[in-house]
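One structure below.
All values below were derived from every heavy atom in this structure, side-chain atoms included, with hydrogens, water molecules and symmetry-related copies excluded. Proteins come first, then strands; the chains are lettered A, B, ... in the order of their sequence lines, and each starts at number 1.
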Amino acid sequence: MDNILKEKILIAVRSLYKSEIPENLIQVQETRKDFKGDFTLVVFPLLRYSKNTPEQTGSDIGKYLLENHNIISDYNVIKGFLNLNISDSWWLDIFKGISRQKNQLEGLKTHNPETILVEYSSPNTNKPLHLGHIRNNLLGFSLFRILSVTGNRVIKTNIVNDRGIHICKSMLAWQKWGNGETPDSAALKGDHLVGKYYVLFEKELKKQAEPFLATGMDDEAARNSAPLMQEAREMLLKWESGDPEVVGLWKTMNGWVYEGFDKTYEKLGVDFDKIYYESETYKSGKEIVLEALKKKVLYQKADTSIWADLTDEDLDQKLLLRSDGTAVYMTQDLGTACIRQEEYGFDKCIYVVGNEQNYHFQVLKAILKKMGYNWADGLIHFSYGMVELPEGKMKSREGTIVDADDLIQGMIDSARELSFELGKLEDYQEEERVDIFRKIGLGALKYFILKVDPRKNMTFNPAESIDFNGNTGPFIQYTYARIRSVIKKGEQNGLREDPDLLSSVKPLQKEIELIKLIRKFRDVVNESASTYSPALIANYCYELAREYNQFYHDHSILADENELVRNFRLVLSRLTSEILNSGMWMLGIEMPERM
RNA sequence: GGUUCCGUAGCUCAGUUGGAUAGAGCAACAGCCUUCUAAGCUGUGGGUCCCGCGUUCGAGUCGCGGCGGAAUCACCA
């Protein structure tokens with residue numbers, strides 16, 4: 001549409017001013033709400049060809065277009081802006097085209113399909129998931145849906161950080177003070193039980209570190225001097241050498257954690273096609289590093305540690321293997337990337353990882369390229385912002401971590417309370433209500449997080465509950481439920497859509513506004529796919545729902561006396577509901593039929 | 001200190017490749033349910049778009065310099 005219009009304008013100005021005007025000077029945008037018109041041509045760039053005032057240039061072009069194209073029904077000029085009205089029949093043609101689509105996701109698969117891995121979640125196995133992980137999971141899953149819809153082969157992967165000193169801390173605390181406690185005996189989710197021992201470890205460690213602190217040691221050194229810390233390190237060494245007892249405990253406790261994680265993932269509605277474990281991938285990272293050392297891409301220091309020199313790329317030197325031969329974080333990421341390229345031959349691998357690791361991924365890519373892996377160009381760090389509290393970062397030591405399970409349950413409970421206050425769903429079975437409250441509570445949570453530009457840090461205030469009114473998930477769900485209700489009622493009264501009745505309608509302004517928005521859906525999805533931004537879809541859905549609610553408020557759908565109007569509004573409503581449903585689906589948000 | 005990111009209404013956030021008088025929601029206040037779901041709709045108040053300079057016909061948007069905040073610069077992950 002915009003392109004068709006642009007083309008017509010280009011031809012018009014070229015013939016008016018008899019010169020080869022470059023295409024990029026034709027700037028068409030949607031007309032602002034407070035002016036009359038549908039699209040606006042900015043005429044300033046054309047003045048050097050028209051050699052005339054902005055006003056005169058605008059009306060010359062407007063007059064030409066009005067005379068030569070029946071798409072244009074009217075125009076007006078204000079300062080250097082030519083506002084064009086599109087004829088009703090054109091809007092209706094577009095509308096009819098969209099109404100014939102089987103579903104609103106049809107026809108989005110336009111660009112060349114790629115194989116894309118999306119890595120997200122990536123938890124540590126020593127504590128439960130928190131709000132930061134929720135943002136990560138929702139973004140990753142939504143990206144998967146958006147990229148799939150636009151025609152790519154997308155593989156969801158998760159890499160679990162299941163080894164290292166932090167895991168040993170929980171293990172050691174459990175061993176010392178756990179008395180054989182299990183998730184069953186404690187009636188606690190496995191990840192929370194393990195997290196409890198991690199916290200206990202830190203608490204005991206702090207106690208033990210105090211005497212050292214008193215001698216004037218700094219915090220770090222004091223903690224390292226505590227016997228508990230030394231025990232934890234011994235345990236890590238035992239784990240790395242395969243000590244059966246330690247490995248056994250490690251397996252048991254990680255198993256508890258996975259059971260707990262699975263429940264949280266299920267609640268969030270996210271899943272994975274392939275899960276990697278660092279305990280399995282770090283070895284191949286070592287091999288790759290040793291190989292690269294042979295090829296002299298890397299170098300070895302006197303203490304036998306191995307390094308990459310990236311100083312000529314304005315990056316530092318980076319350690320890849322310690323002098324004792326053990327791997328660091330970067331090592332395993334190198335290994336994992338190579339394994340993934342072998343297994344999937346991906347075009348892109350998108351890492352959904354917080355912006356605190358920007359440097360890490362810059363280095364990761366640089367090292368792989370230095371090693372000669374050209375596919376490393378396809379590594380993309382999807383760097384999202386932190387979730388912060390009003391007073392700053394969440395800190396486990398200060399107990400300000402917002403737990404994922406608690407938050408989810410709290411949202412579902414709030415949905416129930418609000419529904420009760422409003423006197424909704426009273427005639428429903430408890431089973432059905434539970435399902436609806438879950439959809440609404442999670443809808444509110446997910447939308448709250450996904451509507452924000454992923455790159456930016458965002459604030460969550462635990463003291464203020466997440467809203468269910470205004471620019472929220474439930475607002476959009478509510479709009480959807482109302483439409484569904486209208487359609488069902490129409491069906492009961494024998495009202496069915498009739499495509500043949502669409503041509504002779506005279507749409508009202510509000511209805512045209514809706515058609516414009518409906519038309520825009522496809523562009524928004526493509527834009528969100530190319531910029532990796534679910535937020536665009538979220539904000540679009542809100543805009544559409546708001547526009548529809550105004551229409552719904554002002555006009556009757558089923559009770560209008562004109563059959564043509566009833567039919568038209570029914571189709572308009574149906575399309576709106578389908579697009580809201582599709583849009584929210586891409587955000588991983590489910591829509592209730594009633595609420 | 002170096003690098004990167006951020007700074008828009010009291011609060012949380014939008015703001016397309018630079019375009020007209022910078023928008024929503026929350027909170028506050030005032031209205032609208034005998035009618036398809038009021039988790040809705042309408043209205044009022046609320047702004048030095050951090051500051052300055054520059055580029056441009058035109059800057060919240062681009063460039064430079066400040067100020068403020070965050071992250072990172074580990075033989076942690």
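Of the possible donor and acceptor atoms, one in the side chain of T331(A) sits under 3.5 Å from a partner among the backbone N and O of L320(A).
Among the protein residues, H555(A) comes within range of the nucleic acid bases, having at least one heavy atom under 4.0 Å from a base atom. Within the nucleic acid shown, L47(A) has no heavy atom closer than 4.0 Å to any nucleic acid atom. Base contact: S419(A) has a heavy atom under 4.0 Å from a base atom. Residue-level contact check: R455(A) touches neither bases nor backbone, having no heavy atom under 4.0 Å from any strand.
Residues that satisfy the side chain to side chain donor-acceptor pair (under 3.5 Å) test with N136(A), not counting sequence neighbours, are Y384(A). Under the rule for a side chain to side chain contact (heavy atoms under 4.5 Å, CB included), the partners of N358(A) that lie at least two apart in sequence or sit in another chain are N355(A), H381(A), S383(A). Partners of F44(A) under the ring-ring contact (aromatic ring centres under 6.0 Å, His included) rule, at least two apart in sequence or in another chain, are F81(A). Shown here are the ring-ring contact (aromatic ring centres under 6.0 Å, His included) partners of F568(A), two or more places apart in sequence or in another chain: F95(A). A search for salt bridge (charged side-chain N to carboxylate O under 4.0 Å, His left out) contacts involving K33(A) returns E547(A), not counting sequence neighbours. Residues passing the ring-ring contact (aromatic ring centres under 6.0 Å, His included) test with Y447(A), sequence neighbours excluded: none. For N549(A), the side chain to side chain contact (heavy atoms under 4.5 Å, CB included) test picks out F475(A), T479(A), R482(A), with sequence neighbours left out. Applying the salt bridge (charged side-chain N to carboxylate O under 4.0 Å, His left out) rule to K36(A) yields the partners D74(A); only residues at least two apart in sequence or on another chain are considered.
Using the Watson-Crick or G-U wobble rule with both distances under 3.5 Å, rA28(B) pairs with rU44(B).
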Between the protein and nucleotides 31-34 of chain B, list the N/O to N/O atom pairs that are separated by less than 3.5 angstrom.
none

Item to check | nucleotides 11-24 of chain B: protein proximity per nucleotide (B base, S sugar-phosphate only, - neither; heavy atom, under 4.0 Å) | outcome: -SSS----BBS-SS

Item to check | B/S/- contact track for nucleotides 72-77 of chain B, protein heavy atom under 4.0 Å | outcome: SS-BSB

Side-chain donor-acceptor contacts of residues 360-367 of chain A below 3.5 Å, not counting sequence neighbours, with atom names and distances?
unit_1: H360(A); atom_1: NE2; unit_2: D333(A); atom_2: OD2; d: 2.8
unit_1: K365(A); atom_1: NZ; unit_2: L379(A); atom_2: O; d: 3.1

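To the nearest whole angstrom, the two C1' atoms, one in rA27(B) and one in rA71(B), are 32 Å apart.
Computed from coordinates, the L425(A) CG to rA39(B) P distance equals 11 Å when rounded to whole Å. Put simply, CE on M595(A) is 14 Å from P on rU37(B), counting in whole angstrom units.
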